[in-house]
Structure formats: structure tokens, C-alpha cells
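Both counts, for ligands and for their atoms, begin at 1 and track the order of listing. Only heavy atoms go into these numbers, but all of them, side chains included; no hydrogens, no water, no symmetry mates.
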Amino acid sequence: MKDSFDIKKWIENPDELLLIAGPCSVESKEQIFDTAEKLSELHQVKVLRGGIWKPRTRPNGFEGIGEEGLPWMQEISQETGLPFMTEVATPEHVELALKYNVDALWIGARTVANPFSVQQLADALQGTDIPIFIKNPIAADIKLWLGAFERFYSSGLRHLVAIHRGFQDVNAAPYRNNPRWEIPIELRRKNPEIPIITDISHICGCRNILQQTAQKALDLATNGLMIESHCNPNCALTDAEQQITPDNLKSMLSELIIHKSKSNNADFLLQELRTQIDNIDDELLQLLARRSEISSKIGVIKKENNLTVLQLDRWNSILSNHIERGKKLGLKEELVKEIYELIHKDSIDRQL
Ligand code: PEP
Ligand code: MN
């Protein structure tokens with residue numbers, strides 16, 4: 001047995017990348033033992049995951065092995081030295097998971113979407129100090145995600161981690177869940193003390209884009225990855241398309257470029273470039289303020305001459321000219337369009 005990894009210590013100082021791997025669902029003793037033994041041979045894997053209770057979109061599918069699977073996880077965790085974690089959605093799940101000495105819990109995306117359920121879990125966990133990994137809710141609602149942190153925090157839980165697993169979106173292709181990277185970045189900006197793990201398996205939903213998505217998460221300074229791994233993915237009872245064998249995980253890891261978060265030389269160069277960016281942002285803001293002032297003056301003339309505030313021809317030509325100009329400068333059409341839509345809305349509001 002190897003020395004057991006200390007999840008709480010990692011949360012207090014999440015410098016090294018945390019890799020969590022294991023099957024979507026625990027299916028049988030053989031399956032979880034085989035998978036965990038192989039994963040424990042990869043030195044990068046620190047924590048074993050396995051779903052015991054599975055939230056399924058439709059009934060009659062495999063809804064998880066239930067309590068029967070917990071002693072298997074406990075046993076293989078002791079044998080391999082890998083701490084284990086599972087998903088809880090009800091106070092009964094919490095009670096059972098704690099009975100089998102689970103090392104950490106995660107709260108699923110569907111559960112986080114329901115504040116009643118989150119509150120029940122926070123109440124059930126009061127008085128424990130178990131690490132809780134909180135997935136983002138399925139809708140792209142950062143307040144709901146933060147609300148879950150506040151509920152657990154109020155129950156006295158101090159070891160909290162975020163899991164970014166993407167957001168439901170009809171336009172998510174090629175992903176299963178749209179990553180919307182700006183949302184975890186905003187979470188980090190608002191709460192820099194919360195470590196963030198990227199669940200690339202539920203973001204991707206398929207194997208062929210896992211590698212590039214893992215790299216993207218690392219480039220954006222994630223604190224860790226959660227990856228579904230199964231000894232025989234094609235026969236998995238849940239999420240078969242997105243799970244990979246421990247062998248495939250090994251080769252994927254060997255190709256990832258893991259960045260350091262700090263380097264003196266790079267820090268110096270970054271500092272220089274950031275100063276330039278700060279200066280440009282300041283100029284942008286001053287220009288925007290000047291533009292707004294002029295727009296207000298135009299508003300006065302329109303009122304005096306009984307003209308409508310919205311002048312559609314003028315707006316259409318502004319938009320198409322700026323998109324063209326932006327393209328020549330190497331700016332994406334959506335970027336220019338979205339910026340000008342906001343600027344135009346502000347002008348209209350000032351003139352109304
Ligand atoms: C899972 O991790 O297997 C799972 C069900 O995830 P999510 O809640 O992100 O859908
Ligand atoms: Mn899954």
C-alpha cells in the first residue's frame with residue numbers, strides 16, 4: 001500500500017496538479033478492483049472516483065449499485081492507498097458514504113441546481129470536516145454555484161473545491177457540455193481561495209477531444225483534472241462513450257504539458273506585458289467615456305428635432321463597417337458585434 005494522499009492538505013495548498021480518476025459508476029467488485037489497481041500504478045493519479053448512486057435522465061436505466069458498492073471502494077482504497085470519493089445527492093447517501101469512511105464527496109451538477117437539496121446536504125454534513133467537491137450546476141449560473149459554496153461554508157465545512165464540468169447548451173458541439181471557460185475564470189477571480197478541478201470527461205462526452213480539452217484546462221491554470229476511467233469502457237453501464245482505459249489515461253498524461261504557476265523569469269516578462277495591457281485598458285475606458293459624452297449630445301439634438309432615438313440605418317452601417325474594419329485588424333466578428341451591441345445599447349439608454 002502506498003502512502004495515502006491527504007486531500008485536505010492539498011486543498012489548503014493546491015500547488016501540484018490533482019488528478020482524480022475512476023469509473024463513472026461502480027458496477028461490480030471485479031470492475032472497481034481491476035480499474036483501481038491499474039490506476040494506482042499511474043503515479044499521477046491521487047484520488048479514486050466512483051459513482052455509487054447515479055442520477056439518470058430517464059428511469060429504468062442503471063441507477064447505481066448503491067450501498068453494496070461502498071465496502072468494495074473502501075477495500076480497494078485501503079489496498080491501493082488511493083483515497084476514494086463518490087457522489088451524494090440525499091442525506092441518506094451522506095449517512096451511508098460516511099459509514100464506509102469515504103475520503104471526500106462530490107455534489108453532482110443536477111443536485112447543485114436545486115438549493116433545497118444542497119441545503120439538506122449541508123445540514124446532513126454539519127459537524128463533519130469532510131472535503132466537498134461542488135460541481136457547477138447544469139445551467140450557466142455562477143450565483144447558483146457560489147450559493148452552494150455558501151451553504152456548505154455556513155454548515156462549517158471548510159474544505160471545499162469546485163469542479164467545472166461544463167454547461168448544458170443546445171449549441172455545445174463538439175462538447176457534450178459547453179465549457180464556457182469564462183465562468184470558472186470568473187469564479188477564480190471572485191474566490192481565488194477555491195481550487196478548481198476540470199472534469200474533462202463530462203465536458204467532452206467522447207474520447208477523441210479529451211486530450212486537447214485537458215491541455216486547454218491546464219493552459220488556463222486548472223488545479224486538477226477529473227477523468228472517468230474504466231477497465232472496459234465499451235461495456236460500461238453509464239457514460240461508455242467518454243470513459244478511457246487506465247492505459248489510455250497513461251498515454252494521455254504522458255503527452256500533457258503541465259505548466260508551473262510561477263517562474264521568476266516568466267513573471268518578469270508577464271509583468272511588463274500586463275503593464276502594457278493595463279495602459280491599453282485605461283485608454284479604452286477613456287475613449288468609451290468620450291464616446292458616451294458625444295452620444296448624449298446627439299440625444300439632445302434628436303429630442304430638440306423630434307427625431308427617434310433609434311436610427312436603424314445608422315446602426316446597421318456602424319455595425320457592418322466596424323465588423324469589416326475589425327476583420328482587417330484580425331478581430332473576430334462575434335467580438336466586434338458583441339462589443340458594439342453593448343455600446344449601442346448604452347447610447348440608446350442615454351438618449352431615451
Ligand atoms: C458524474 O460525475 O458521473 C456525474 C454524474 O457528473 P455530473 O453531475 O457532472 O453530470
Ligand atoms: Mn459520468
Fill in: Nearest-option assignment for atom 7 (P) of ligand 1, heavy atoms, candidates Lys135, Arg176, Glu228, Gln168
Lys135
Discussion item. When you compare the side chains of Asp239 and His230, does any donor N or O come within less than 3.5 Å of an acceptor on the partner?
Written reply: no
Worksheet item: Taking atom types as modelled and ignoring hydrogens, do the side chains of Glu228 and Gln243 form a donor-acceptor contact shorter than 3.5 angstrom?
Response: no
Worksheet item: Which single N/O/S atom of Asp239 lies at minimum distance from the Mn ion (ligand 2)?
Response: OD2
Practice prompt. Report the name of the N/O/S atom of Glu228 located nearest to the Mn ion (ligand 2).
Written response: OE2
Item to complete: Can you label the angle between the His164 ring and the Trp145 ring as parallel, tilted or perpendicular, going by 30° and 60°?
Response: tilted
Fill in: Numbered atoms of ligand 1 (with element) below 4.0 Å of Arg49, judged on heavy atoms
1 (C), 2 (O), 3 (O)
Fill in: Heavy atoms of other groups near Glu95 CD, more than 12 under 6.0 Å
no
Discussion item. Evaluate Arg110 for polar contact with ligand 1, using N/O atom pairs at a separation under 3.5 Å.
Written reply: yes
Discussion item. I need the single residue from Ile11, Val88, Leu121, Leu160 that forms a side chain to side chain contact (heavy atoms under 4.5 Å, CB included) with Ile132. Which is it?
Written reply: Leu160
Worksheet item: Got the closest protein heavy atom to atom 8 (O) of ligand 1, with its distance?
Response: Ala109 N, 2.8 Å
Item to complete: State which residues pass ring-ring contact (aromatic ring centres under 6.0 Å, His included) with His159; sequence neighbours excluded, sorted by chain then number.
Response: none
Response to the item:
the Mn ion (ligand 2) -> His202, closest N, O or S atom is NE2
Item to complete: Just jot down the ligand 1 atoms closer than 4.0 angstrom to any heavy atom of Lys54, in number order.
Response: 1 (C), 3 (O), 5 (C)
Worksheet item: Do Glu92 and Thr90 meet the criterion of a side-chain donor-acceptor pair at a distance under 3.5 Å?
Response: yes
Fill in: Nitrogen or oxygen of Asp199 less than 3.5 angstrom from that of ligand 1
no
Worksheet item: Among side-chain atoms of Arg176 and Gln242, is any donor-acceptor pair under 3.5 angstrom?
Response: yes
Practice prompt. Could you tell me whether ligand 1 has any atom less than 4.0 Å away from a heavy atom of Met226?
Written response: no
Worksheet item: Does Thr308 reach the main-chain N or O of Leu310 with its side chain, forming a donor-acceptor pair under 3.5 Å?
Response: yes
Worksheet item: What atoms of ligand 1 come closer than 4.0 angstrom to any heavy atom of Gly108?
Response: 8 (O)
Worksheet item: Which residue supplies the protein heavy atom nearest to atom 4 (C) of ligand 1, what is that atom called, and how far is it?
Response: His202 NE2, 3.5 Å
Practice prompt. Indicate whether the side chain of Asn223 and that of Arg188 have a donor and an acceptor atom separated by less than 3.5 Å.
Written response: yes
Worksheet item: Atoms of ligand 1 less than 4.0 Å from Arg165 heavy atoms?
Response: 7 (P), 9 (O), 10 (O)
Worksheet item: Would you call Cys24 a ligand 1 contact, heavy-atom distance under 4.0 Å?
Response: yes
Fill in: Atoms in ligand 1 flagged as close to Glu87, the criterion being non-hydrogen separation under 4.0 Å
4 (C), 5 (C)
